[in-house]
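Below is one structure, written out as structure tokens, with a few remarks after it.
As the structure is a computational prediction, the values presented were derived from the model and not from experiment. So you know, we letter chains A, B, ... as the sequences are listed, proteins then strands, and number each from 1.
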Amino acid sequence: MTTPLLKLSGLGIRFGGLVALDAVDLTVAPSTITCIIGPNGAGKSTLFNLITGIYRPTSGTVALQGDPITGLPAHRIAARGIARTFQSSRLFEDLSILDNVIIGMHGRTRTDVLTALLRPAKSRRELEACAAEAETILRGISDELFARRYQPAGILPQADRRRLEIARALASHPKLILLDEPSSGMDDRDTAALMADIRRVMADNPGLSFLIIEHDMRLVAELPDNVVVIDYGKKIAEGDFATVRQLPRVQQAYLGQKAVEHA
Amino acid sequence: MSTTLTNIHSRTTLPASLIVAATEIGGAILLGAFLLAESTPLVVALLAVMGALFAAMQYRPQIEEVIVAAFHDARGLATALAVAIVLIYPFFLGGNTYALHLLIVSLLYSVLALALNFQLGSANIPNFATGATYGIGAYTSALLAIHLGWSFWATLPAAAIVATVFGFLLGIPSMRTRDSYLALVTIAFGIVIHQMLNNLSWTGGPNGLVGIPAPSLLGHSFMRPIELFGFRLPSQANFYYLSAALLGLAILSAKRLHESRVGLAWNAIRADELAAKCQGINVVWYKILAFGVDAFLAAFAGTIYAFYISYISPDNFTFLVSVTIMTMVIVGGMDNTLGVILGAFLLTMLPEKLRVFSDYRLLFVSVVVILFLILRPKGLFPQRQRHYGGQR
Ligand SMILES: Nc1ncnc2c1ncn2[C@@H]1O[C@H](COP(=O)(O)OP(=O)(O)OP(=O)(O)O)[C@@H](O)[C@H]1O
Ligand SMILES: [Mg+2]
């Protein structure tokens with residue numbers, strides 16, 4: 001068996017008395033899409049924060065391609081190849097759309113202060129190359145974003161903000177992208193485009209995997225290879241959507257009591 | 001983008017070179033008039049002219065766009081003309097040593113403001129200790145010159161290195177504190193340095209250090225006037241050229257850092273620290289780095305100041321100095337080099353030009369600052385977006 005891309009073992013975190021996440025095991029294989037579902041407050045975003053180094057786990061380990069990355073600072077984890085978006089998007093509002101994407105390339109570019117000061121041609125060449133690539137990424141995600149690339153990111157409407165965050169994540173050439181509710185604030189057409197984008201990006205980047213927190217059942221039904229259900233900080237089920245949705249605990253926990261009565 | 005801008009200024013049918021020349025020469029004349037203005041009504045009138053220009057820019061943003069586009073199209077000319085103006089400027093001041101002195105101080109404060117801009121403007125780090133690092137630079141070079149007989153040119157890098165070490169030390173708390181708390185730490189640092197300068201015996205205590213020897217270059221002492229082509233410039237002109245060269249260096253550094261991965265990382269931290277981390281930016285390191293760069297440049301300014309005045313005391317490097325530098329950055333325009341320099345010139349010269357109001361002088365300075373901020377809420381020249389691939 002090949003080493004999994006991401007492996008969480010017994011991952012957990014407590015905030016004071018609150019156990020936000022408890023002994024979660026999860027394996028993500030290369031070139032796959034995994035969706036995480038669960039009710040509000042279940043601990044889904046917390047899981048992302050643990051994987052990306054925003055929080056330090058109180059128990060358990062995270063390994064990327066077999067290397068332990070547990071407790072590393074966020075910027076080192078990002079540089080190792082995990083990119084993410086945020087539930088309420090966090091763009092660099094006053095910077096241009098293009099600069100937002102270029103900053104995504106920070107981890108794989110090298111110019112330091114001395115190079116910038118003493119070898120400006122080298123520094124400029126690097127940044128120009130980033131800009132050219134960022135334009136390609138933007139054009140691939142949305143012509144609209146590309147056309148507005150010199151405008152500040154802060155003026156974008158919700159759906160475009162999500163797209164730009166995905167573009168920024170792609171810019172780092174990650175091995176794994178975590179999307180936290182990417183379709184929120186999107187209408188059906190936007191969501192369909194989002195799914196098409198994810199599939200296209202997967203096809204363009206062999207080995208790349210997605211871990212997606214989603215509430216939109218249409219997306220969860222169509223896109224992932226694997227669905228993980230989290231409730232009260234615990235992983236309560238895993239499998240393909242058709243199987244997972246049948247489980248009574250899932251219907252109760254996630255789809256709500258009504259769904260159980262209907263079943 | 002650039003085509004629409006060409007359209008705008010083809011409507012005005014002025015070639016880029018003409019716009020550049022008119023802007024630079026106009027700016028130089030306005031500055032000269034301000035420097036030489038003796039009467040208060042004239043000073044107020046000149047401020048009104050400046051206010052009107054900025055009001056025009058506020059209500060007609062195209063004006064700024066056209067000028068920026070022209071400077072981009074004719075950047076070679078813009079640089080050459082600017083250098084030429086700086087070089088010949090002292091000849092137009094008619095041996096007015098006071099005007100020359102004001103210019104030198106303005107130039108040094110411009111360097112200090114640009115130094116702080118790496119933190120406040122680029123990375124949104126509120127550092128209230130630029131005055132202290134400026135003082136560390138001044139004292140280091142003065143001590144080396146007085147006690148060890150080092151030449152000015154040798155003390156320059158030494159002072160910069162010492163101040164940078166202090167800058168890095170001051171940066172370390174930024175690992176754990178942010179925003180207002182970090183501001184408090186820097187205020188405390190500034191006060192500690194000031195108190196130390198005041199109380200240590202080897203820094204001369206409150207009396208400071210006197211008798212810092214004048215620098216010389218290729219046998220020409222900076223105490224002596226410059227005689228060139230039958231013209232004679234007062235000895236201050238030496239320091240004018242030195243300070244202008246330093247500002248040139250600071251502008252170049254600011255430009256190179258801004259247009260690099262480093263400047264982008266600082267801007268990312270300014271906008272959203274957490275998101276910056278998740279892009280692989282080592283936020284702690286970049287913050288400490290900003291402290292180091294600030295201290296490095298501030299120390300250069302401190303060294304030139306010490307050798308120019310030949311006498312320094314703790315009162316030159318108080319908390320108030322740091323606050324003034326901060327005001328320069330904010331009024332001029334965060335993260336805009338030209339804006340920051342303009343802010344520094346304005347805030348250096350205003351208090352001098354409003355001396356007639358004696359005790360109320362600072363009140364009037366504040367009123368002018370507030371008026372300018374009402375007119376241009378984001379600073380005289382706000383931050384601009386980067387452009388790539390030869391585009392503007
Ligand atoms: N920094 C923190 N300090 C204290 N409690 C926290 C912290 N972060 C998260 N929590 C708590 O952990 C629990 C899980 O939160 P989390 O944001 O992970 O939920 P979620 O599954 O993403 O929910 P939603 O669908 O609403 O986004 C919540 O009870 C939340 O209040
Ligand atoms: Mg969440």
Side-chain angles (χ1 to χ4, degrees), chain A residues 52-54 73-86 89-100 102-113 115-120 122-124 126-128 130-132 134-135 149-154 165 168-169 171-172 178, chain B residues 1-2 4-5 118 121-124 164 175 249-250 252-286 288-290 292-294 296-297 334-335 378 382-392:
Chain A
T52 54
I54 306 288
H75 67 92
R76 305 247 328 254
I77 292 179
R80 294 266 189 126
I82 301 184
R84 71 172 291 178
T85 67
F86 296 87
S89 59
R90 302 185 79 128
L91 294 169
F92 305 118
E93 309 270 333
D94 62 346
L95 298 181
S96 70
I97 289 169
L98 193 60
D99 277 353
N100 268 268
I102 296 175
I103 291 169
M105 302 172 186
H106 184 91
R108 56 187 185 84
T109 45
R110 291 279 86 90
T111 297
D112 56 14
V113 199
T115 314
L117 287 175
L118 305 176
R119 305 193 56 193
K122 189 178 177 204
S123 154
R124 191 164 329 110
E126 180 184 81
L127 210 54
E128 295 287 350
C130 287
E135 292 191 342
R149 66 193 180 284
Y150 285 120
Q151 295 178 15
E165 266 201 299
R168 184 175 69 181
S172 65
L178 315 185
Chain B
M1 188 95 202
S2 61
T4 56
L5 287 166
F118 286 117
S122 303
N124 193 24
T164 307
M175 287 196 243
L249 195 73
L252 198 64
S253 310
K255 179 175 151 59
R256 287 184 177 177
L257 287 176
H258 180 76
E259 289 169 4
S260 78
R261 170 175 177 266
V262 179
L264 271 172
W266 276 330
N267 285 172
I269 293 170
R270 176 184 69 199
D272 188 329
E273 218 177 294
L274 183 71
K277 273 183 203 163
C278 290
Q279 312 311 314
I281 295 172
N282 186 343
V283 170
V284 170
W285 164 245
Y286 274 95
I288 294 181
L289 187 65
V293 175
D294 166 84
F296 191 85
L297 265 182
M334 301 245 229
D335 217 13
K378 290 181 171 170
Q383 157 209 350
R384 302 184 63 85
Q385 299 294 357
R386 292 174 179 79
H387 287 261
Y388 301 93
Q391 282 203 298
R392 203 206 44 76

Output all residues satisfying side chain to side chain donor-acceptor pair (under 3.5 Å) with B/Lys378, sequence neighbours left out; order by chain, then residue number. none
Straight-line distance of A/Glu135 CD to B/Tyr388 OH, nearest 0.5 Å: 10.0 Å
I'd like to know if the side chain of A/Arg90 and the backbone of B/Leu274 have a donor-acceptor N/O pair within less than 3.5 Å. no
Where on A/Arg168 is there a heavy atom nearer than 4.5 Å to chain B: the side chain, the backbone, both, or neither? both
Quick one: what part of A/Asp112 sits under 4.5 Å from any heavy atom of chain B, side chain, backbone, both or neither? backbone
Heavy-atom cut-off 4.5 Å, strictly under: side chain, backbone, both or neither for A/Pro152 against chain B? both
To the nearest 0.5 Å, what is the distance between NE2 on A/His106 and CZ on B/Arg261? 3.5 Å
Can you tell me which of A/Leu91, A/Ile77, A/Ile54, A/Thr52 forms the most heavy-atom pairs within a distance under 4.5 Å of chain B? A/Ile54
First locate atom CG of A/Leu117, then atom NZ of B/Lys255, and finally report the distance between them rounded to the nearest 0.5 Å. 13.0 Å
Please flag which part of A/Ser172 lies under 4.5 Å from any non-hydrogen atom of chain B: side chain, backbone, both or neither. neither
Check whether any side-chain heavy atom of B/Leu289 sits under 4.5 Å from a side-chain heavy atom of A/Val113, and report yes or no. yes
Say you draw a straight line from CD of B/Gln385 to CD of A/Gln151; how long is it, rounded to the nearest 0.5 Å? 9.5 Å
CZ on B/Arg270 to CD on A/Glu93, rounded to 0.5 Å: 12.0 Å
State, yes or no, whether a side-chain contact exists between A/Phe92 and B/Asn267 at a heavy-atom distance under 4.5 Å. no
Portion of B/Tyr286 that has a non-hydrogen atom of chain A nearer than 4.5 angstrom: side chain
Contacts of type side chain to side chain donor-acceptor pair (under 3.5 Å), residue A/Ser123, not counting sequence neighbours: none
Under 4.5 Å from any heavy atom of chain B - which part of A/Glu165: neither
Taking atom CZ of A/Arg76 as the centre, report whether more than 12 heavy atoms of other residues, nucleotides or ligands fall under 6.0 Å from it. no
State, yes or no, whether a side-chain contact exists between B/Arg386 and A/Ile102 at a heavy-atom distance under 4.5 Å. no
With respect to chain B, which residue among A/Ala78, A/Ala83, A/Pro120 yields the maximal number of heavy-atom pairs within a distance under 4.5 Å? A/Pro120
Strictly distance-based, threshold 3.5 Å: is any side-chain N or O of B/Gln279 a donor or acceptor partner for the main-chain N or O of A/Ile103? no
Does B/Arg256 reach the main-chain N or O of A/Ala116 with its side chain, forming a donor-acceptor pair under 3.5 Å? no
Spatial distance of atom CG (A/Leu95) from atom CG (B/Leu264) [nearest 0.5 Å]: 7.0 Å
